[in-house]
Amino acid sequence: MPEARVPNDAELDWLTRRAVAEIIPHDDFVKALKLGRALRLKMGFDPSAPDLTIGHAVGLRKLRQLQEFGHTVVIIVGDWTAQIGDPSGQSKTRPMLTADQVNANAETYLRQFFKIVDREQTEVRRQSEWFGAFGLADVVRLAAGFTVAQMLERADFAERYQRQQPIGVHELLYPLLQGYDSVAVEADAEFGGTDQKFNLLVGRELQEREGQEPQCVYTVPLLVGTDGEVKMGKSVGNYVAVDDPPNAMYGKLMSIPDHLIGDYFEYLTDVPDSDIADVRGMVEERTGNPMEAKKRLAHELVAQFHDATAAGEAQEFFERTFSKRELPAEVPERGLSFSALTAGGTVRIPTLLVELGLTESVSDGNRLFKQRAVEVDGEVAEELRIPLRDGMIIRAGKHRFVRLLNSDG
RNA sequence: GGCGGGGUGGCAGAGCGGUCAAUUGCACCGGGCUGUAAACUCGGCGCCCUAAAGGGCUACGCAGGUUCGAAUCCUGCCCCCGCCA
């Protein structure tokens, strides 16, 4: 039996309180951590939305922290449940995926997953390992232990039922399959967002029925997206991806509403509780500039998902480009054939913008020009046609710019 | 199986023979302002030609039809949703 280090009181507090929504039953989990045995920490995912957001990172960071004590992460590739599509919080049915899509997505997912979770202490399992051999009899037996009323307890099912929105029969199977995963891998605890609570509890029940020690349910808070309105999600477009390049990540974080700063710090960083309390107080009392807190947050997170150097550069980029509205230290360069572009020695700006990839269409470029949003070498472009010069800097809007080089000869 | 509702731009959702490239909201882009790519405010938001005025092309599920003219009317087809069984 692999061993695990027993956390001291401060560590225990950190593991079971910070960025935690609920642990069921709390005491059992604490006891388990004190056993000195490596626990099997299960988490599943549907390989349907390959982009991991920093919202996912909340739970993954927790897994990582527990790995530091020697516990094992068991990640389940939901290659069967993905065929159903988890309706949790979706409020509508999802389209089914092909096997190829599932495989490709799983690969993408895991690559990002291991940016946070330690690969060495992780067991990757696929549902097909056990569901591949499942027969109709097994399915019936699995379903027999639950009633429709129980299923309808689940918030999103209940809501859809009430609003007379469709609920596919196969969707009812989703929690059961996910729950059975816990039996198959003999999980000691399962992790997920608060919207997963029902599914995680089903796992407990199934394990108990199979004579296993039921898993603890460990839920983490859902991160509100950059719009400050709803849960961070890819479909809403209010997300920061763990794969976002430094500048984009930094900028997106700077755009979150002030009231989210505290939560982001709490859920995504190791910044001490006392500092977070200070930040929250400062934002609420309006005693300081929230922008400073946000810069710290953005820096922390870019450093975490990239590295400290990248974080520093992203910060500098942000300050120059947006705060001071200057050009960044490094302007991307783009080579074009001047002779092919010009007619009579000049080019139309909209055409040039398209060629440079700064706008998507000529019409778009025209609009920018009319709105006086195009700058040539730091001056607002007044003439529609301009002569080209090697090394000239073209800027469209606040944050799109390029240094133009002549690729002739 | 029966009855009814509906498919419009990234989404939601108007329009129901010409004034519709299509109201409005969200999202997005730009200007201003600022503590930030926040908030607020003003403007823009199919593609292409054009210095401009303007013009052309594609688009309102798909395919036909009526008409000088159709997102709007007719026919067929496809798809979605609800109710009753």
Separation of [X] atom [atom1] from [N] atom [atom2], in whole Å?
{"X": "A:Ile256", "N": "B:A39", "atom1": "CD1", "atom2": "P", "result": "12 Å"}
{"X": "A:Leu353", "N": "B:C29", "atom1": "CG", "atom2": "C1'", "result": "13 Å"}
{"X": "A:Met291", "N": "B:G35", "atom1": "CE", "atom2": "C1'", "result": "5 Å"}
{"X": "A:Ile349", "N": "B:C49", "atom1": "CD1", "atom2": "P", "result": "15 Å"}
{"X": "A:Lys370", "N": "B:A53", "atom1": "NZ", "atom2": "C1'", "result": "11 Å"}
{"X": "A:Ile261", "N": "B:A39", "atom1": "CD1", "atom2": "C1'", "result": "13 Å"}
{"X": "A:Leu260", "N": "B:A38", "atom1": "CG", "atom2": "C1'", "result": "11 Å"}
{"X": "A:Arg395", "N": "B:C29", "atom1": "CZ", "atom2": "C1'", "result": "15 Å"}

*asked:* So A:Gly251, base contact, sugar-phosphate only, or nothing? Heavy-atom distance under 4.0 Å.
replied: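 Base contact.
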*Mind checking A:Ser361 for me? I need base, sugar-phosphate or nothing, with any heavy atom below 4.0 Å counting as a touch.*
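If one applies the 4.0 Å heavy-atom cut-off, A:Ser361 turns out to touch the sugar-phosphate alone, with no base involved.
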To the side chain of [X], which of [options] is closest?
{"X": "A:Phe318", "options": "B:A37, B:C49, B:G44", "answer": "B:A37"}
{"X": "A:Ser363", "options": "B:U36, B:A51, B:C48", "answer": "B:C48"}
{"X": "A:Met254", "options": "B:C29, B:U36, B:A51", "answer": "B:U36"}
{"X": "A:His399", "options": "B:U50, B:A37, B:G35", "answer": "B:A37"}
{"X": "A:Lys398", "options": "B:C49, B:A51, B:C33", "answer": "B:C33"}
{"X": "A:Leu384", "options": "B:A51, B:G31, B:U36", "answer": "B:A51"}
{"X": "A:Arg400", "options": "B:G30, B:C49, B:A37", "answer": "B:G30"}
{"X": "A:Ser255", "options": "B:A37, B:U36, B:G44", "answer": "B:A37"}
{"X": "A:Ala373", "options": "B:C47, B:G30, B:C48", "answer": "B:G30"}

Spacing of the [atom1] atoms in [M] and [N] (rounded, Å):
{"N": "B:C45", "M": "B:G31", "atom1": "C1'", "answer": "15 Å"}
{"N": "B:U72", "M": "B:G2", "atom1": "C1'", "answer": "31 Å"}
{"N": "B:C74", "M": "B:G18", "atom1": "P", "answer": "15 Å"}
{"N": "B:G1", "M": "B:G69", "atom1": "C1'", "answer": "43 Å"}
{"N": "B:G13", "M": "B:C84", "atom1": "C1'", "answer": "29 Å"}
{"N": "B:U41", "M": "B:C33", "atom1": "C1'", "answer": "8 Å"}
{"N": "B:A70", "M": "B:G64", "atom1": "C1'", "answer": "14 Å"}
{"N": "B:U23", "M": "B:G43", "atom1": "P", "answer": "15 Å"}

Across all strands shown, which nucleotide pairs with [N] by Watson-Crick or G-U wobble geometry, both distances under 3.5 Å?
{"N": "B:G82", "result": "B:C3"}
{"N": "B:A14", "result": "none"}
{"N": "B:C28", "result": "B:G44"}
{"N": "B:U23", "result": "none"}
{"N": "B:A63", "result": "B:U75"}

*Any pair with a residue in residues 360-404 of chain A that passes ring-ring contact (aromatic ring centres under 6.0 Å, His included), sequence neighbours left out, goes on the list, sorted by first then second residue, please.*
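As it turns out, the ring-ring contact (aromatic ring centres under 6.0 Å, His included) pairs with a partner in residues 360-404 of chain A, which skip direct neighbours, are A:Phe322-A:His399.
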*Could one point to a donor on the side chain of A:Asn366 or the base of B:U50 with an acceptor on the other under 3.5 Å away?*
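Yes, the side chain and the base share a sub-3.5 Å donor-acceptor pair.
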_Using only modelled atom types and a 3.5 angstrom limit, is any donor from either the side chain of A:Gln371 or the base of B:G43 paired with an acceptor on the other?_
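Counting by modelled atom types and ignoring angles, a donor-acceptor contact under 3.5 Å is found here.
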_Close aromatic pair by centroid cut-off 6.0 Å: A:Phe45 and A:Tyr109_ =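 Ring centres of A:Tyr109 and A:Phe45 closer than 6.0 Å.
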*Using the six-membered ring wherever Trp is involved, compare the ring planes of A:Phe29 and A:Tyr218 and label them parallel, tilted or perpendicular (cut-offs 30° and 60°).*
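Perpendicular.
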*Are the side chain of A:Arg125 and the backbone of A:Ile76 linked by a donor-acceptor contact shorter than 3.5 Å?*
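The answer is no, because no donor-acceptor pair under 3.5 Å joins these two groups.
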*Main-chain N/O of A:Phe191 paired with A:Lys42 side-chain donor or acceptor, under 3.5 Å*: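 Here the side-chain-to-backbone pair does not exist.
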*asked:* Under 4.0 Å from OP1 or OP2 of B:A51: is there any side-chain N or O of A:Arg348 that close?
replied: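 Answer yes for this pair, as a side-chain N or O of A:Arg348 is under 4.0 Å from OP1 or OP2.
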_With a 4.0 Å cutoff (strictly under), does any side-chain N or O of A:Arg372 reach OP1 or OP2 of B:G30?_
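It does not, given that no N or O in the side chain of A:Arg372 lies less than 4.0 Å from OP1 or OP2 of B:G30.
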*So, do A:Leu268 and A:Val58 sit near enough that their side-chain heavy atoms are less than 4.5 Å apart?*
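They are in side-chain contact.
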_Here's a test for you: under salt bridge (charged side-chain N to carboxylate O under 4.0 Å, His left out), which of A:Glu300, A:Glu319, A:Glu316 qualifies with A:Lys295?_
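Result for salt bridge (charged side-chain N to carboxylate O under 4.0 Å, His left out) with A:Lys295: A:Glu319.
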*Please tell me which of A:Asp364 and A:Leu253 maps to the more 5' nucleotide of RNA chain B, matching each residue to the nucleotide holding its nearest heavy atom.*
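Going by which nucleotide is closer to the 5' end, it is A:Leu253.
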*Let me know, please, whether A:Gly397 or A:Pro257 comes out on the 5' side of the other along RNA chain B by nearest nucleotide.*
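The residue closer to the strand's 5' end, by nearest nucleotide, is A:Gly397.
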*To the nearest 0.5 angstrom, please state how far the CD1 atom of A:Ile256 sits from the CE atom of A:Met232.*
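It is 8.5 Å, given to the nearest 0.5 Å.
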